[in-house]
Amino acid sequence: MNIRNIIKKPLVTEKSSVLKDKENKYTFVVDKDANKHQIKQAVETMFNVKVVDVHTANYAGKAKRMGRSEGFKSDWKKAIIKLKEGQEITVEEA
């Protein structure tokens, strides 16, 4: 798996902003098939930082409805990455 395909985008929410400020943790949406070792390697390579810890969570897609049309949102995976003390990642909000 290519490391550029592992990290899809930063997840910017109120909770992730608090984690970033207080605990030096960053949240990303990652590929569903990526494991913790691959995520750690991808973050260290892409952002040139030292990762201390990686936590992941899998989320099931939900049924969505738009008028008469029905469909599903995709399944996705979230990774919370803790960096070494004194290091940071510049995350641009999209």
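The first residue of the sequence shown is numbered 1, and numbering continues consecutively from there.
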Is there a path from [X] to [Y] through hydrophobic residues (I, L, V, M, F, W, Y) whose side chains come within less than 4.5 Å of each other?
{"X": "Ile7", "Y": "Ile80", "answer": "no"}
{"X": "Leu19", "Y": "Leu11", "answer": "no"}
{"X": "Met46", "Y": "Ile89", "answer": "yes"}

What pairs meet the salt bridge (charged side-chain N to carboxylate O under 4.0 Å, His left out) rule with one or both residues in residues 4-23, with sequence neighbours excluded? Glu23-Lys25
Please list all pairs meeting side-chain hydrogen bond (donor to acceptor under 3.5 Å, both in side chains) that have one or both residues in residues 71-80, counting only residues at least two apart or in different chains. Tyr59-Lys78
Sort and list the pairs that fulfil side-chain hydrogen bond (donor to acceptor under 3.5 Å, both in side chains) and have at least one residue in residues 33-46, not counting sequence neighbours. none
Please step through side chain to side chain contact (heavy atoms under 4.5 Å, CB included) for the pair Asn5 and Asp31, ending with a clear verdict. CA-CA 7 Å; Asn5 297 333; Asp31 187 73; 6.0 Å; no
With sequence neighbours left out, write down each residue that passes side-chain hydrogen bond (donor to acceptor under 3.5 Å, both in side chains) with [X], or none if nothing qualifies.
{"X": "Asp53", "result": "His55"}
{"X": "Gln87", "result": "none"}
{"X": "Ser16", "result": "Thr13"}

The criterion is salt bridge (charged side-chain N to carboxylate O under 4.0 Å, His left out); which residues satisfy it with Glu70, sequence neighbours excluded? Arg65
Start with the C-alpha distance between Phe28 and Ile6, add both sets of side-chain angles, then the distance that settles side chain to side chain contact (heavy atoms under 4.5 Å, CB included), and finish with yes or no. CA-CA 10 Å; Phe28 295 96; Ile6 292 175; over 6 Å; no
Can a donor-acceptor pair be found, under 3.5 Å and without considering hydrogens, that links the side chain of Asn24 to the backbone of Lys84? yes
Members besides Val52 in its Ile/Leu/Val/Met/Phe/Trp/Tyr cluster (side-chain heavy atoms under 4.5 Å): none
Partners passing side-chain contact (heavy atoms from CB on, under 4.5 Å) against Ala79 (at least two apart in sequence or in another chain): Val30, Ile39, Thr56, Ile81
Does Asn48 CG have over 12 foreign heavy atoms under 6.0 Å away? no
Side chains of Tyr26 and Lys82: does their closest heavy-atom pair fall under 4.5 Å? no
